[in-house]
Amino acid sequence: MMFRIFIRTISTTVSLSGKKNFRKFLLYNKRGTRLFKQQRAANPALFPDMPIDKRGVRDTGVTIDGKFIEIAEKIPELVVPNLEGCKFKPYVSYKAPDVVQSEFTCQDLFNAVYAQKIIDDWKSGKLNEDGSSSEPSDEETLSAEVAWAKARKTGSDIF
């Protein structure tokens, strides 16, 4: 058998010390059923006194003379690469070692791309009087526009 003992207690604390300030708990767009919200969204002229709070979401168009005009350039576009056949997993384990790497400077970029070619041209005597190569490589003959486009391609920062 199980016996229950009921004990009546008296609280000596002030009743207002546990008062909650519910004004800081902002509950936007919580009033009404889903059907009511759909009706309000379809025809906001019927409910002018109930503004819809957007909570930091930007509009994808403009309102002109009471009509909402959608602007295609303002609609966000998610660019996601195709990861079929990718052997990497979509997460990094916490057990992975920390990688400490110094800042990649302009001098490092020059050494990685051009330095060895200049040294080889100088040793073999393939430099002109002005110091330019007599047999330039593909990277040396690129126009500014093509070099700019190649620098912004996906994976161009991987050496």
Side-chain angles (χ1 to χ4, degrees), residues 15-121 126-128 130-159:
S15 62
L16 294 178
S17 65
K19 180 180 175 185
K20 304 286 189 251
N21 184 4
F22 286 104
R23 277 182 254 156
K24 67 180 177 180
F25 299 113
L26 304 175
L27 300 173
Y28 296 112
N29 297 332
K30 296 292 182 186
R31 186 175 296 172
T33 63
R34 182 175 290 173
L35 180 63
F36 174 74
K37 290 178 187 177
Q38 289 172 352
Q39 290 173 348
R40 183 178 67 178
N43 195 353
L46 294 177
F47 309 100
D49 58 334
M50 297 185 71
I52 297 175
D53 184 66
K54 297 177 185 171
R55 300 194 61 144
V57 179
R58 295 180 183 174
D59 283 335
T60 57
V62 293
T63 305
I64 299 176
D65 296 330
K67 287 189 170 185
F68 184 76
I69 300 171
E70 193 84 25
I71 299 175
E73 289 82 12
K74 291 180 115 182
I75 298 173
E77 178 183 354
L78 298 177
V79 180
V80 181
N82 184 8
L83 297 177
E84 286 185 22
C86 181
K87 63 180 181 177
F88 298 119
K89 295 185 179 182
Y91 65 89
V92 176
S93 172
Y94 284 105
K95 296 178 183 178
D98 289 337
V99 177
V100 179
Q101 184 175 341
S102 64
E103 182 180 353
F104 196 75
T105 62
C106 299
Q107 183 67 39
D108 296 332
L109 178 63
F110 178 81
N111 291 338
V113 177
Y114 296 114
Q116 191 59 44
K117 171 88 168 70
I118 293 172
I119 292 170
D120 292 342
D121 286 348
K126 295 181 183 175
L127 292 178
N128 297 333
D130 61 349
S132 63
S133 177
S134 58
E135 297 174 5
S137 64
D138 293 337
E139 289 87 13
E140 295 172 307
T141 58
L142 291 178
S143 67
E145 293 82 19
V146 175
W148 187 87
K150 282 183 77 173
R152 274 134 187 92
K153 270 177 43 176
T154 304
S156 64
D157 57 344
I158 301 171
F159 290 100

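Atoms considered below: every heavy atom in the structure, side chains included; atoms not considered: hydrogens, waters and symmetry mates. Along the sequence shown, residues are numbered consecutively beginning with 1. Quick caveat, the model's predicted, so the values are computed rather than measured.
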Could you list the donor-acceptor pairs under 3.5 angstrom formed by side chains in residues 73-87, with sequence neighbours left out?
| from | atom 1 | to | atom 2 | distance (Å) |
| --- | --- | --- | --- | --- |
| Asn82 | OD1 | Glu84 | N | 3.2 |

All N/O donor-acceptor pairs, side-chain side in residues 56-71, below 3.5 Å, sequence neighbours left out:
| from | atom 1 | to | atom 2 | distance (Å) |
| --- | --- | --- | --- | --- |
| Asp59 | OD1 | Lys54 | NZ | 3.0 |
| Asp59 | OD2 | Lys54 | NZ | 3.2 |
| Thr60 | OG1 | Glu70 | OE2 | 2.5 |

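Contact of the Ile118 side chain with the Phe110 side chain is registered, since non-hydrogen atoms from C-beta on lie closer than 4.5 Å.
Atom CG of Asp121 and atom CD of Glu135 lie 7.5 Å apart (nearest 0.5 Å).
Of the possible donor and acceptor atoms, one in the side chain of Ser134 sits under 3.5 Å from a partner among the backbone N and O of Lys126.
Residues satisfying the salt bridge (charged side-chain N to carboxylate O under 4.0 Å, His left out) criterion with Asp108, sequence neighbours excluded, are absent altogether.
Remark: the Asn43 side chain and the Gln39 side chain contain no N/O donor-acceptor pair separated by less than 3.5 Å.
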